[in-house]
Every structure is written in structure tokens, then in C-alpha cells.
Amino acid sequence: PQIVSFSDITKTFENGTVALQDLSLEIRQGEFVSLLGPSGCGKSTALRLLAGLSEPNSGRLNWADDTMSVPDHDLSFVFQEPTLMPWATVFENVRLPLKVRGIGKVEARGRVMSALELVGLERFEKSYPRELSGGMKMRVSIARALVTEPKVLLMDEPFAALDEITRFKLNNELLEFWSKFGLTVVFVTHSVFESVYLSSRILIMTSGPGRIVADLPMTAPYPRD
Ligand code: ADP
Ligand code: ADP
């Protein structure tokens with residue numbers, strides 16, 4: 001089933017830049033969609049609209065389930081930079097979204113430790129971000145995104161700052177989470193390799209102004225349940 005649709009969305013910034021023009025698009029539940037295109041073609045703008053971090057000037061964005069329109073509810077966002085709180089431990093960083101939702105300590109502890117196990121960092125719960133490698137910090141960010149058990153994971157060039165080997169490892173981990181949890185993933189990248197390797201569908205975007213020029217179904221590398 002469809003999870004979200006864009007109907008004729010146009011986004012113009014105050015300085016007159018038309019970042020997206022007449023964008024129409026449907027995303028179905030369980031898809032791994034890559035938004036692929038050159039810098040400035042509007043990928044992040046489209047993702048920010050999905051996250052509720054920005055509003056279109058015209059057109060409509062519709063979640064199949066109304067509750068999804070509330071920012072942060074059932075949605076997790078992973079940014080290019082790990083954006084961890086440097087003064088807090090790995091455990092506290094991953095617990096933050098649960099704390100915000102008022103989830104009690106005992107339940108939170110179990111969920112945080114499960115999320116850390118998923119990314120292989122359960123032994124680092126007491127570490128601080130400065131003690132971790134770039135790849136490990138990104139894994140903490142992913143654990144923090146998954147700890148709320150979101151339906152939709154929005155990722156904005158999450159691995160761009162990492163070396164190629166770490167990036168490839170994280171690609172494989174991400175595919176595992178995706179197939180395991182039946183997540184819907186919207187993944188912004190300018191890497192052709194990454195989009196082909198990861199996605200069940202690639203949307204190719206172009207700029208001037210931002211629009212989708214191709215919508216390619218891909219063979220998912222992992223069978224879905
Ligand atoms: P991408 O993620 O594909 O690199 P963006 O969505 O970040 O592209 O940007 C799309 C276009 O909108 C670019 O021309 C960019 O310069 C412009 N843009 C993005 N954010 C703003 C903003 N806050 N104000 C003005 N222009 C912006
Ligand atoms: P990255 O993906 O950031 O490159 P790696 O998995 O290659 O991280 O590990 C980098 C270093 O960090 C390794 O030398 C390893 O000792 C340590 N490390 C990373 N993850 C773990 C882990 N789960 N347990 C123990 N050590 C780890």
C-alpha cells in the first residue's frame with residue numbers, strides 16, 4: 001500500500017530559488033527509495049518536506065496514515081553528520097528520543113540496548129562520541145533512529161563523510177535492518193553505486209528546477225518477507 005504521496009509540490013525559497021517544481025510521487029510501504037541526483041537538484045528539500053521540517057508553497061503532501069504528518073512520529077531522520085550530543089554517552093544519545101516521548105527508564109534501557117546490539121555497539125554504551133570512529137558514530141546515529149521503531153527512515157547522504165570501506169559495511173547493515181523490520185527507507189545520495197546497491201527503486205532527479213526525470217524499479221538485493 002501507498003504510505004505517502006506528493007501531489008504537484010512546488011517549493012520556492014525566499015530568495016526566489018525554485019528547489020522543486022510540480023513534483024508528484026507516491027512511495028509505497030516497504031520500499032527502499034533512493035533520491036539520486038547532482039548537488040542542488042532538490043533531494044534534501046524533498047526529504048525535509050517528508051520530515052515535516054519544511055512546508056511546500058503549493059501542492060500537497062499526504063501520508064496514508066494521518067498520524068504520520070506529525071513531525072517525528074513514526075519517522076526517523078538520519079543526517080550526514082552524526083549530530084550526537086558530545087557531552088552524553090552512547091547510551092544517553094540513543095535514549096534521547098525515548099526520553100522525549102516520556103518512555104520510562106526500565107523500558108528505555110531494554111530498547112536502547114537492543115538498538116545498540118543491532119549495530120554491534122552494546123559494549124560501547126558508556127563511551128562518549130569522541131572515543132568512537134566515524135563509522136561507529138554513524139552506527140550510534142542509526143541506533144538512535146531505530147530505537148523508536150519508526151515506520152519510515154529518512155536518510156540524507158548519511159555515509160558521505162565516511163571512507164569507502166566503512167561506507168560499504170554500513171550499506172550492508174542498512175540492508176539488513178531494512179529487510180528485517182519492513183522499514184520504508186527514503187535515502188538521499190549522489191552515489192550511483194549506493195543507489196543501485198541499496199534500492200528497490202531509484203528516483204533520478206535533475207535541477208533547474210528540481211524534478212524527477214526517471215523512476216526506476218530495481219531488483220531488491222535481499223528478499224522481503
Ligand atoms: P540537494 O539536496 O539535491 O543538494 P537541496 O534540496 O539542498 O539540493 O537544494 C535545492 C536548491 O535549493 C539548491 O539550488 C539550493 O541552493 C537551494 N536551497 C536549499 N535550501 C535553501 C534555502 N534555505 N534558501 C535558499 N535556497 C535554498
Ligand atoms: P568503522 O566502521 O568506523 O571503520 P570498524 O568496524 O572498522 O569501524 O572498527 C574500527 C575500530 O573500532 C576497530 O579497530 C575496532 O577495534 C573498533 N570497533 C569497532 N566496532 C567495534 C565493536 N563492535 N566492538 C569492538 N571494537 C569495535
Side-chain angles (χ1 to χ4, degrees), residues 29-34 47 51 68 71-189 191 194 197-200 220-225:
Q29 200 178 322
E31 284 191 305
F32 194 126
V33 180
S34 285
L47 206 65
M68 299 287 291
D72 278 355
H73 194 96
D74 287 337
L75 287 176
S76 281
F77 204 112
V78 176
F79 298 92
Q80 179 172 337
E81 298 298 325
T83 65
L84 300 175
M85 302 180 293
W87 61 86
T89 62
V90 164
F91 181 90
E92 289 160 349
N93 269 286
V94 175
R95 183 168 64 133
L96 182 69
L98 300 180
K99 209 169 180 175
V100 169
R101 285 167 177 73
I103 292 170
K105 276 200 169 167
V106 177
E107 187 189 341
R109 167 135 211 109
R111 287 174 65 173
V112 170
M113 292 315 291
S114 306
L116 287 175
E117 268 170 46
L118 275 177
V119 298
L121 291 180
E122 64 278 17
R123 290 188 293 117
F124 293 84
E125 59 159 316
K126 296 195 172 75
S127 302
Y128 287 87
R130 64 175 176 275
E131 300 168 320
L132 307 178
S133 69
M136 291 161 85
K137 278 189 271 211
M138 184 46 75
R139 288 188 180 91
V140 176
S141 297
I142 292 172
R144 184 181 56 189
L146 294 176
V147 78
T148 56
E149 300 175 4
K151 293 198 182 100
V152 181
L153 188 59
L154 306 174
M155 306 184 91
D156 195 353
E157 301 198 25
F159 309 140
L162 303 174
D163 65 87
E164 251 180 291
I165 292 176
T166 303
R167 188 168 177 151
F168 189 60
K169 284 195 237 173
L170 285 163
N171 282 339
N172 288 324
E173 291 172 19
L174 180 58
L175 281 176
E176 271 182 52
F177 306 143
W178 174 62
S179 59
K180 187 166 170 186
F181 301 125
L183 275 173
T184 304
V185 180
V186 184
F187 188 91
V188 165
T189 184
S191 160
E194 208 161 57
Y197 188 68
L198 291 172
S199 316
S200 65
Y222 282 67
R224 306 304 311 277
D225 292 330

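Small disclaimer: the values here were computed from a predicted structure and weren't measured. Residue numbers run from 1 in the order of the sequence given.
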Determine whether R109 and E125 make a side-chain contact, defined as any pair of heavy atoms from C-beta on separated by less than 4.5 Å. yes
M138 and Q80: which non-hydrogen atoms are nearest, and at how many Å? CE-O, 3.5 Å
d(E117 CD, M113 CE) to nearest 0.5 Å is 6.5 Å
Using the six-membered ring wherever Trp is involved, compare the ring planes of W178 and F32 and label them parallel, tilted or perpendicular (cut-offs 30° and 60°). perpendicular
Can L116 and F124 be said to form a side-chain contact (heavy atoms from CB on, under 4.5 Å), step by step? CA-CA 8 Å; L116 287 175; F124 293 84; over 6 Å; no
Atom pair CD/CZ of E149 and R111 - distance to nearest 0.5 Å: 4.5 Å
Tell me every residue that passes ring-ring contact (aromatic ring centres under 6.0 Å, His included) with Y128, counting only those two or more places apart in sequence or in another chain. none
Measure the spacing between CZ of R144 and OG1 of T83 and express it to the nearest 0.5 Å. 4.0 Å
Please check: side-chain N/O of N93 versus main-chain N/O of A88, any donor-acceptor pairing under 3.5 Å? yes
Does any part of the side chain of L121, heavy atoms only, come nearer than 4.5 Å to the side chain of V94, both counted from C-beta? no
To the nearest 0.5 Å, tell me how far L118 CG sits from I142 CD1. 10.5 Å
Candidates T189, T166, L170 - the one meeting side chain to side chain contact (heavy atoms under 4.5 Å, CB included) with F159: L170
For F177, enumerate each residue passing the ring-ring contact (aromatic ring centres under 6.0 Å, His included) test, keeping only those at least two apart in sequence or located in another chain. none
Interatomic distance, L146 atom CG to T148 atom OG1 [nearest 0.5 angstrom]: 7.5 Å
Test side-chain contact (heavy atoms from CB on, under 4.5 Å) applied to V140 and V119, step by step: CA-CA 7 Å; V140 176; V119 298; over 6 Å; no
Are the side chain of E92 and the backbone N or O of T89 linked by a donor-acceptor pair below 3.5 Å? yes
If you look at every heavy atom in A145 and V78, which pair is closest and at what distance? CB-CG2, 3.6 Å
Which atom names give the shortest non-hydrogen contact between I103 and A108, and what distance separates them? CG2-N, 4.0 Å
Applying side-chain contact (heavy atoms from CB on, under 4.5 Å) to L198 and L175, what does each step give before you reach the verdict? CA-CA 7 Å; L198 291 172; L175 281 176; 3.7 Å; yes
Over all atoms of both residues, closest heavy-atom pair of L183 and P150: CD2-O, 3.2 Å
Given side-chain contact (heavy atoms from CB on, under 4.5 Å), test Q29 with T184 step by step and report yes or no. CA-CA 6 Å; Q29 200 178 322; T184 304; 4.1 Å; yes
Roughly how far apart are E194 CD and F168 CZ, rounded to 0.5 Å? 10.5 Å
List the residues meeting salt bridge (Lys or Arg N to Asp or Glu O under 4.0 Å) with R95, not counting sequence neighbours, and say none if there are none. none
Heavy atoms of L132 and S127 approach each other most closely as CD2-CB, 4.1 Å
